Asks: 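Let me begin by handing over the structure; questions about it come next.
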Amino acid sequence: MDMVSANEAGRGVPRAVPRLGAAPKAWAGHIESVLLDQGQIQARVAELAAQIEEDYPRGDLTIVSLLNGTVMFIADLVRHLPIPLRLDFMGVSSYRDGTDPGELVFTRDLKLDVSGRDVLLVDDILDTGRTLARAREKLVELGARRVRLCVFLDKKERRATPLEADYVGFLAPDAFVVGYGLDYQEQYRHLPFVGILRPSIHSSALRVEVLFHSYFKELAGCGRVAVDLEPGATLAELRAHVLGLFPKLRPMERSFLVAVGVDYQPGEHQLQPGDEVSFFPPVQGG
Ligand code: 5GP
Ligand code: MG
């Protein structure tokens with residue numbers, strides 16, 4: 001029974017993502033869609049824990065979780081495991097350049113002794129497989145008796161190293177996801193859901209063209225300027241930025257008319273890459 005993996009036994013069949021949801025308003029500028037909400041995550045984590053408990057009924061298990069992406073997953077998972085276990089962490093960083101994987105480096109060593117032990121190695125995402133293959137190799141070098149793998153998400157079609165996990169939460173599409181511990185440039189780890197990051201965020205900053213009309217053109221000293229903003233920036237943030245760049249416009253601060261393309265928009269309107277924003281002077285005698 002020991003040699004039967006959870007997948008072979010038919011209990012560990014990974015779930016497909018049920019359906020995409022809309023991002024909460026506060027994150028709509030950053031997150032294209034919600035892959036997994038809190039309820040879906042919690043239900044699946046409880047199922048994974050039940051499988052693990054069945055496979056290690058006596059416990060006596062050492063869980064090694066890879067930092068930092070697994071913080072939320074491991075915290076939820078172990079709270080569903082009413083068996084004796086020890087928990088430790090290893091730091092592995094792939095020094096990603098943007099969203100492309102780079103060279104692997106161990107940034108934190110294990111504190112617990114794993115020699116002769118059953119180890120459950122936990123990671124957030126199984127992608128090309130390089131991280132888990134390297135981490136497992138390290139545990140075997142340290143004398144672990146048997147190492148099983150558990151991942152929250154599996155991007156199956158991206159595999160470069162032949163490697164499968166024994167416990168898989170969900171099958172993930174080939175998109176860059178954040179939240180529930182997963183980051184993009186150290187942001188978004190704290191989101192309680194898993195979302196697909198807007199490509200405009202990992203491709204570049206948000207570039208907007210600003211057009212000055214009528215006498216604003218004279219005050220600004222130009223008719224057009226390109227402005228780079230943080231992704232998800234609003235029209236109000238653009239206005240503040242432009243006033244910082246062109247102090248002569250400040251006396252008219254309250255009377256700008258601002259249009260995105262041909263539509264007037266409120267301050268909270270979220271700008272999109274390539275938007276053209278027009279600054280008009282106030283209408284005389286209006
Ligand atoms: P692998 O070595 O399997 O290619 O990569 C696994 C690691 O890449 C994961 O531990 C995770 O940190 C990172 N990774 C892969 N895909 C994604 C993704 O969509 N979002 C985030 N935030 N990290 C990812
Ligand atoms: Mg990681």
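Whatever order the structure lists ligands and atoms in, that order sets their numbers, starting from 1. Just so it is clear, the structure is predicted and the values come from calculations on it, not from any experiment. For reference, positions follow the sequence shown, starting with 1.
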Asks: So, regarding L182 and ligand 1 (criterion: nitrogen or oxygen to nitrogen or oxygen, under 3.5 Å), is there a contact or not?
Replies: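 No, L182 has no N/O under 3.5 Å of an N/O on ligand 1.
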
Asks: Tell me whether the rings of F280 and Y264 are parallel (<30°), tilted (30 to 60°) or perpendicular (>60°).
Replies: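 Tilted, since the angle between the ring planes falls between 30° and 60°.
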
Asks: Using a 4.0 Å heavy-atom cut-off, which part of D123 comes near ligand 1: side chain, backbone, both, or neither?
Replies: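 Only the side chain of D123 comes within reach of ligand 1.
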
Asks: So is there a nitrogen or oxygen of L132 less than 3.5 Å from a nitrogen or oxygen in ligand 1?
Replies: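 There is no such contact.
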
Asks: Take every heavy atom of K155, measure it against each atom of ligand 1, and state whether any distance is under 4.0 Å.
Replies: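 Yes; K155 lies near enough to ligand 1 that a heavy-atom distance drops under 4.0 Å.
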
Asks: For the residue pair W27 and H30, does the interplanar ring angle fall in the parallel (under 30°), tilted (30 to 60°) or perpendicular (over 60°) class?
Replies: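 Perpendicular.
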
Asks: Got a sec, which pairs hit side chain to side chain donor-acceptor pair (under 3.5 Å) with one end in residues 77-91, sequence neighbours left out?
Replies: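 Pairs touching residues 77-91 that pass the test: T62-R86, D76-R79, D88-R108.
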
Asks: Tell me, please: is A160 in heavy-atom contact with ligand 1, that is, under 4.0 Å?
Replies: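 So A160 does not count as touching ligand 1.
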
Asks: By side chain to side chain donor-acceptor pair (under 3.5 Å), which residues pair with Q270, not counting sequence neighbours?
Replies: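 So Q270 forms no side chain to side chain donor-acceptor pair (under 3.5 Å) with any residue.
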
Asks: Judging by distance only, is a nitrogen or oxygen of Y184 under 3.5 angstrom from one on ligand 1?
Replies: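 Y184 vs ligand 1: no N/O contact under 3.5 Å.
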
Asks: Can you sort out which atoms of ligand 1 are near G129, meaning under 4.0 Å from one of its heavy atoms?
Replies: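 Here the atoms of ligand 1 in question are 1 (P), 3 (O), 4 (O).
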
Asks: Would you kindly confirm whether L235 and F246 end up in one hydrophobic cluster when ILVMFWY residues are joined by side chain heavy atoms under 4.5 Å apart?
Replies: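 Yes, it is one cluster - the side chains of L235 and F246 are joined through contacts under 4.5 Å.
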
Asks: May I ask you to check if R148 and Y56 form a cation-pi contact, with NZ or CZ under 6.0 angstrom from the six-membered ring centre and within 45° of the axis?
Replies: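 So R148 does make the cation-pi contact.
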
Asks: Among K155, R158, K156, which residue meets the side chain to side chain donor-acceptor pair (under 3.5 Å) test with D127?
Replies: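 Of K155, R158, K156, side chain to side chain donor-acceptor pair (under 3.5 Å) with D127 is met by R158 alone.
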
Asks: If we set the cut-off at 4.0 Å for heavy atoms, which region of A175 has an atom near ligand 1: side chain, backbone, both, or neither?
Replies: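 Backbone only.
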
Asks: Have H269 and T234 got a donor and an acceptor in their side chains that come within less than 3.5 Å?
Replies: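 H269 vs T234: no donor-acceptor pair found between side chains.
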
Asks: Between the candidates D183, V178, L197, which shows the shortest non-hydrogen contact distance to atom 22 (N) of ligand 1?
Replies: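 Shortest heavy-atom distance from atom 22 (N) of ligand 1: D183.
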
Asks: Taking only heavy atoms of T128, which atoms of ligand 1 are found under 4.0 Å from at least one of them?
Replies: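 Answer for ligand 1: 1 (P), 2 (O), 3 (O), 4 (O).
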
Asks: Would you say G69 touches ligand 1, if touching means a heavy atom closer than 4.0 Å?
Replies: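 Judged by the 4.0 Å heavy-atom criterion, G69 does not count as contacting ligand 1.
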
